[in-house]
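The structure appears below as structure tokens.
Throughout, residue positions are numbered sequentially from 1 according to the sequence presented.
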Amino acid sequence: AAGDEGPAPRAPRYETLKLGVTWPREILKERIDERLDRRLEQGMVDEVRAMLEAGGSEEFLTKLGLEYKYLTWYLTGKMGYDQMKEELGLAIKRFAKRQMTWFRKDPEIHWLDMAGDPMNEARGLVDAFLENR
């Protein structure tokens, strides 16, 4: 029936410029491994241990994110350190892949070429965005 189209779509509240950053798969894997090593070296195990000792429940900590989940499992004896590190690295890589699958569905994202000159490319996109406002 006429008039049953539903409410008209609302105009977006803000004008936005969406920039995406991605890396070739092998470089991304290396970056994930480097970041995980750095987080562990910077004391994340001690951070999670302190949270457990302060009364943080295992259930609560495992809901905070992948790193907290796997470190909690390690600290509560559910897995050894090497197993935790390997499985956590794989879990982070799977999560990154799911994120990319999700974000690539958004046609408004401008993907920066990280092998090129991403800062200059981003600057040009920002300048063009601001000029068209």
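- When all heavy atoms are compared, the tightest approach of Val45 to Leu75 is O-CD1, 3.7 Å.
- Sorted by first and then second residue, the salt bridge (charged side-chain N to carboxylate O under 4.0 Å, His left out) pairs involving residues 81-91 (not counting sequence neighbours) are Asp37-Lys85.
- Residues in residues 42-77 take part in these ring pair (Phe, Tyr, Trp, His ring centres under 6.0 Å) pairs, two or more places apart or across chains: Tyr70-Trp73, Tyr74-Tyr81.
- When hydrophobic clusters are built by joining Ile, Leu, Val, Met, Phe, Trp and Tyr residues whose side-chain heavy atoms come closer than 4.5 Å, directly or via intermediates, Ile27 is grouped together with Ile32.
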*asked:* With side chain to side chain contact (heavy atoms under 4.5 Å, CB included) as the criterion, how do Met51 and Leu64 come out once you've worked through the C-alpha distance, each side chain's angles and the decisive distance to 0.1 Å?
replied: CA-CA 12 Å; Met51 293 172 80; Leu64 289 180; 3.7 Å; yes
*What's the verdict on side chain to side chain contact (heavy atoms under 4.5 Å, CB included) for Arg98 and Arg94, showing C-alpha distance, side-chain angles and the deciding distance?*
CA-CA 6 Å; Arg98 286 194 308 272; Arg94 284 190 302 268; 4.0 Å; yes
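- By the side-chain hydrogen bond (donor to acceptor under 3.5 Å, both in side chains) test, Arg104 is found to be paired with no residue, residues two or more places apart in sequence or in another chain being considered.
- In this structure, the side chain of Glu58 does not engage the main chain of Thr76 through any donor-acceptor pair within 3.5 Å.
- For the pair Arg49/Leu52, no side-chain contact is recorded, criterion being any heavy-atom separation below 4.5 Å from C-beta on.
- Leu90 and Leu66 are not part of a single hydrophobic cluster, where members link through side-chain heavy atoms under 4.5 Å apart.
- Note that OG1 of Thr62 is 12.0 Å distant from CG of Leu71, once rounded to the nearest 0.5 Å.
- Taking CD of Glu15 as the start and CZ of Arg133 as the end, the distance is 5.0 Å to the nearest 0.5 Å.
- A continuous path of Ile, Leu, Val, Met, Phe, Trp and Tyr side chains, each step under 4.5 Å between heavy atoms, connects Val21 with Val126, placing both in one hydrophobic cluster.
- When all heavy atoms are compared, the tightest approach of Pro118 to Asp113 is CD-O, 3.6 Å.
- Considering CG of Leu36 and CD1 of Ile92, their distance stands at 5.0 Å, rounded to 0.5 Å.
- Applying the side-chain contact (heavy atoms from CB on, under 4.5 Å) rule to Glu108 yields the partners Lys18, Asp106; only residues at least two apart in sequence or on another chain are considered.
- Residues Met100, Phe103, Ile109, Trp111 make up the rest of the hydrophobic cluster containing Trp102, defined by ILVMFWY side-chain heavy atoms closer than 4.5 Å, directly or through other members.
- Linking ILVMFWY side-chain heavy atoms closer than 4.5 Å, directly or via other members, places Leu17 and Met119 in two distinct hydrophobic clusters.
- Once rounded to the nearest 0.5 Å, the distance linking NZ of Lys29 with NZ of Lys97 reads 8.5 Å.
- Shortest non-hydrogen contact noted between Met84 and Met79 is CA-SD, 3.3 Å.
- Once rounded to the nearest 0.5 Å, the distance linking CD of Gln83 with NZ of Lys78 reads 12.5 Å.
- For Glu59, the side-chain contact (heavy atoms from CB on, under 4.5 Å) partners are Ser57, Lys63, not counting sequence neighbours.
- For the atom pair CZ of Arg38 and CG of Asp33, the computed distance is 11.5 Å after rounding to the nearest 0.5 Å.
- Checked for salt-bridge contact, Glu47 and Arg39 miss the test: no charged N lies under 4.0 Å from a carboxylate O.
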